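Since the structure comes first, as structure tokens, the remarks are kept for the end.
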Amino acid sequence: MTDLSRYTTLGTGGPAREFAEPETVAEVEELLRRNDPVATIGLGSNLLVADDGVDALVLKLAGELAAVEVEGNLVRAGGGAANAVCLHRARAAGLGGFEFACAIPGTIGGGIWMNGGAYGGDFSQVLVRALVATADGTGWLNRKELGLSYRHSNLRHGQVVLQAELRLSQRPPDEIKAAVRELNARRKDAQPTNRRTFGSVFKNPDHQLSAGRMLDACGLKGHRIGGAQISPKHANFIENAGGARTEDALALIAEARRRAREQYGVELLHEVQLLGHITIQ
Ligand SMILES: Cc1cc2nc3c(=O)[nH]c(=O)nc-3n(C[C@H](O)[C@H](O)[C@H](O)COP(=O)(O)OP(=O)(O)OC[C@H]3O[C@@H](n4cnc5c(N)ncnc54)[C@H](O)[C@@H]3O)c2cc1C
């Protein structure tokens, strides 16, 4: 059985009942026809996997489903293509608009699922449509059908994002390079970039304080349970401080939610996605 901790940036999680790395649309369609529960992972950069594993067929897209090509102002990327590769190809072609993704260490499929974004940009601003496979068939969905909003889409497990088309606009490569350098420097100043994390734990609440500032004010920076700790640098990040398990991260999440509720009357909603039989308290 494949241990999914190898495939998450936090480095936690148990085995998948079955694991496959399909490389073509036809291969995914064949796997879906079995009608088993299916979940797709990207680079596991926003993912908490249950310690006792996942009772499903877990897919990780490879081959042509992770390839990127550019045609005019359109970038066609496989659902398993890394954002970094897309950005690199776009820059080489003199296409801007995807710079926001420079510090989002995931794939195109994961980015659409989350409507990932940063620094004022997000997938909904560049996505034209996505090719999505289910057990019932494969078809293109546009932005509206995907229901993209703040760190949200309507996608559910069993739907596999096979490919996406992003419409970008012309921008000189040097300008793109400079913009990316600046965004990365801002990121390095504010967030733990050299630790095992899964990005933001919580969505920002409808409150004058961001989730990070609220949890900092609750005194949670550096708070540790088992092998997981709230980042001393940014309180909306959980780090694997050594030997962390998913249950440690879940206990920290529950504690953070409790404190935000008690001190601010705010119900924090998690941004991190869950795989397997786990729930957020
Ligand atoms: C250091 C760090 C910084 C981060 N900064 C940001 C940030 O600034 N902004 C931001 O939005 N996020 C950020 N993240 C979180 C994360 O990188 C994004 O949410 C990213 O889009 C997740 O992509 P992924 O490929 O890793 O998806 P995964 O984490 O593997 O999966 C996330 C969800 O998408 C689903 N999924 C993945 N691929 C597919 C597919 N092909 N078809 C169907 N479903 C799929 C999974 O089932 C899961 O539910 C950060 C993470 C880290 C570790």
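Indexing begins at 1, ligand by ligand and atom by atom, following the structure's order. Please read these numbers as outputs of a predicted model, since none were measured by experiment.
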Close approach of [X] to ligand 1, heavy atoms, under 4.0 angstrom:
{"X": "G44", "answer": "yes"}
{"X": "H157", "answer": "yes"}
{"X": "I41", "answer": "yes"}

Below 4.0 angstrom, N of the basic side chain to O of the carboxylate: do R259 and E262 qualify?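 No.
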Residues E21, K60: salt bridge by 4.0 Å N-O rule: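 Salt bridge: no.
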Which atoms of ligand 1 are found less than 4.0 Å from any heavy atom of G106?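 Near G106, the atoms of ligand 1 are 23 (O), 24 (P), 25 (O), 26 (O).
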Do any N/O atoms on [X] end up under 3.5 angstrom from N/O atoms on ligand 1?
{"X": "I104", "result": "no"}
{"X": "L61", "result": "no"}
{"X": "G80", "result": "no"}

Below a 4.0 angstrom heavy-atom separation, can you tell me which part of T8, side chain or backbone, both or neither, approaches ligand 1?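 Answer for T8: neither.
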Quick one: look at S200 and ligand 1, take heavy-atom pairs under 4.0 Å, and tell me if it's side chain, backbone, both or neither.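 Neither; no heavy atom under 4.0 Å.
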Pair D136-T134, side-chain hydrogen bond (donor to acceptor under 3.5 Å, both in side chains): steps then yes or no: CA-CA 5 Å; D136 298 326; T134 67; 4.5 Å; no
Counting only N and O atoms by type, is there a donor-acceptor contact under 3.5 Å from the side chain of D51 to the main-chain atoms of T246?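 Checked: pair present.
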Considering only protein heavy atoms, which is closest to atom 1 (C) of ligand 1, and at what distance to one decimal place?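 That would be T197 OG1, 3.8 Å.
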For residues T24 and E64, is any side-chain donor paired with an opposing acceptor at under 3.5 Å?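 Side chains of T24 and E64: no pair found under 3.5 Å.
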